Student: 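Sending over a structure as structure tokens; questions will come in a sec.
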2 protein chains.
Amino acid sequence: MKETTQTQPGPLRVSASHRELLDQVLDKWSLLVMEELCDRPSRFNELRSAIPAVTAKSLSATLRRLERNGMVERIVGDRRPVSVTYRITPLGKTMREPVEALLAWTTTHLPAVEAARTAYDERADGGGHAVQSRPPD
Amino acid sequence: MKETTQTQPGPLRVSASHRELLDQVLDKWSLLVMEELCDRPSRFNELRSAIPAVTAKSLSATLRRLERNGMVERIVGDRRPVSVTYRITPLGKTMREPVEALLAWTTTHLPAVEAARTAYDERADGGGHAVQSRPPD
DNA sequence: CGGCATCCTCTTTGATACTG
DNA sequence: CAGTATCAAAGAGGATGCCG
């Protein structure tokens, strides 16, 4: 394990601006889209194919939001039936590292989380609360 | 063509399980609650005071979800008017690093994002799309 | 092909009130 | 104090249809 990073001093301040930005950038479809665009630029319908569960409306909204936040770039070709390509921006690329760290965390700890879920569900299922007494303060 | 030939950086796989876990742990109130509990254990109404915008219902739901996922621990004191304390678990602490990395990212890049937003809004306001021709493919 | 507009539903959230 | 129950409001998201 590498614990070279700061662990105990962190303020972990979650301001409204931070929250809003995370909401816009980590929402349901954004991560999938960013994942695709990190690999290569894609056109609208390529993205739809790559992410079958997304509807045109949601994809469109996601792309516009990401574009507005400077994460992706919308490139319109001058062909006839219009061809639009989306590409990740340099700013968008900077997001990759922290997001990957987060994803790595989920990969590492998902088993522990699932164990906790099972334990919790069994506890709730069995009857009352199995809690130990521990006087606070 | 290259399929999933990810190069140097990590895979960035966003599976359904990852997505679900992130949704449970990064949602609207969870980060605020975790932030509080990282500092010190707190009781229910302490958390309500610390996070004025949250309702009892939402806080309750958030805490139960975090508890189910093994991120926080619910400790019931044996006093008369019941005192319940919430404390972060070791598993919960492991989340702090990647979350802080993400928060640091927002802090670093929020100015760039806001600039992008302004530029986008002005572009949209001015009229149609200011698009440059760039033939894809 | 790449969208946006409309309608409609389903989920989430908040306000309020009540309980152990 | 620490919640739960209920209702109302809001919003995300899907389905469909049209347009450049």
Side-chain angles (χ1 to χ4, degrees), chain A residues 19-20 22-33 36-37 41-68 72-87 124 127-129 131 133-137, chain B residues 16 19-20 23-33 36-37 41-68 72-87 124 127-129 131 133-137:
Chain A
R19 182 72 257 177
E20 189 196 9
L22 290 182
D23 283 343
Q24 307 231 340
V25 139
L26 294 182
D27 82 285
K28 190 175 180 185
W29 302 113
S30 293
L31 280 190
L32 279 315
V33 170
E36 274 303 309
L37 295 184
S42 296
R43 289 189 296 184
F44 190 83
N45 282 326
E46 284 183 311
L47 289 171
R48 286 195 69 178
S49 306
I51 312 170
V54 76
T55 62
K57 179 185 177 182
S58 298
L59 179 57
S60 176
T62 299
L63 285 169
R64 261 183 287 112
R65 186 170 33 234
L66 290 175
E67 186 193 1
R68 194 175 100 96
V72 309
E73 189 186 3
R74 183 174 181 273
I75 303 154
V76 181
D78 46 1
R79 293 162 159 195
R80 310 157 288 90
V82 272
S83 77
V84 180
T85 303
Y86 292 93
R87 183 193 308 198
H129 287 259
V131 288
S133 303
R134 191 176 199 289
D137 183 50
Chain B
R19 183 71 256 178
E20 188 196 10
D23 283 341
Q24 307 232 337
V25 139
L26 294 183
D27 81 284
K28 190 175 180 185
W29 302 115
S30 293
L31 279 190
L32 280 316
V33 170
E36 276 303 310
L37 296 184
S42 299
R43 299 214 301 253
F44 189 84
N45 283 327
E46 284 184 310
L47 289 171
R48 287 194 68 178
S49 306
I51 312 170
V54 76
T55 61
K57 181 184 176 181
S58 297
L59 180 56
S60 177
T62 299
L63 285 169
R64 263 183 287 112
R65 187 174 330 122
L66 290 176
E67 187 194 359
R68 193 174 102 95
V72 309
E73 190 184 2
R74 185 175 179 271
I75 302 155
V76 181
D78 44 2
R79 292 159 159 192
R80 302 19 92 174
V82 274
S83 78
V84 179
T85 303
Y86 291 92
R87 183 195 306 198
H129 286 259
V131 288
S133 302
R134 194 180 195 287
D137 175 49

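Here the structure is a predicted model, which is why all the values come from computation and not from measurement.
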Student: Over how many whole Å does the gap from I51(B) atom CD1 to dT13(C) atom C1' extend?
Tutor: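 These atoms are roughly 16 Å apart.
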Student: Looking for any heavy atom pair under 4.0 Å, which part of the strands does K57(B) touch: base, sugar-phosphate only, or nothing?
Tutor: base
Student: For the side chain of N45(A), starting at C-beta, report the closest nucleotide among dG14(C), dA2(D), dG2(C).
Tutor: dG2(C)
Student: Using modelled atom types and a 3.5 Å cut-off, is there a donor and acceptor pairing between side-chain atoms of S30(B) and backbone atoms of L26(B)?
Tutor: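 Side chain of S30(B) to backbone of L26(B): no pair is present.
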Student: side-chain contact (heavy atoms from CB on, under 4.5 Å) for R48(A) and L59(A)? Distances and angles first, verdict last.
Tutor: CA-CA 7 Å; R48(A) 286 195 69 178; L59(A) 179 57; 3.4 Å; yes
Student: Does a side-chain N or O from R74(A) land closer than 4.0 Å to OP1 or OP2 of dG3(C), or not?
Tutor: yes
Student: Taking side-chain hydrogen bond (donor to acceptor under 3.5 Å, both in side chains) as the test, write out the residues that go with D23(A), two or more places apart.
Tutor: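 D23(A): side-chain hydrogen bond (donor to acceptor under 3.5 Å, both in side chains) contacts with R19(A).
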Student: Please give, in whole Å, the distance from dT12(C) P to D23(A) CG?
Tutor: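 Going from D23(A) (CG) to dT12(C) (P), I get 15 Å.
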Student: Under a 3.5 Å cutoff on both atom distances, Watson-Crick or G-U, what's the dot-bracket for DNA chain D ([ ] crossing, | other strand)?
Tutor: ||||||||||||||||||||
Student: Would you mind telling me which residue lines up with the more 5' stretch of DNA chain D, V82(A) or K28(A), judged by nearest nucleotide?
Tutor: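 It is K28(A) whose nearest nucleotide is closer to the 5' end.
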Student: Base, sugar-phosphate, or nothing for A53(B), non-hydrogen atoms under 4.0 angstrom?
Tutor: nothing
Student: Please tell me which of R64(A) and P81(A) maps to the more 5' nucleotide of DNA chain C, matching each residue to the nucleotide holding its nearest heavy atom.
Tutor: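 Per heavy-atom nearest nucleotide, the more 5' residue is P81(A).
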Student: Please compare D27(A) and S60(B) by the position of their nearest nucleotide in DNA chain D and report the one closer to 5'.
Tutor: S60(B)
Student: When you check the phosphate oxygens OP1 and OP2 of dG3(C), does a side-chain N or O of Y86(A) lie under 4.0 Å from one of them?
Tutor: yes
Student: Is any side-chain heavy atom of F44(B) closer than 4.5 Å to a side-chain heavy atom of V84(B)?
Tutor: no
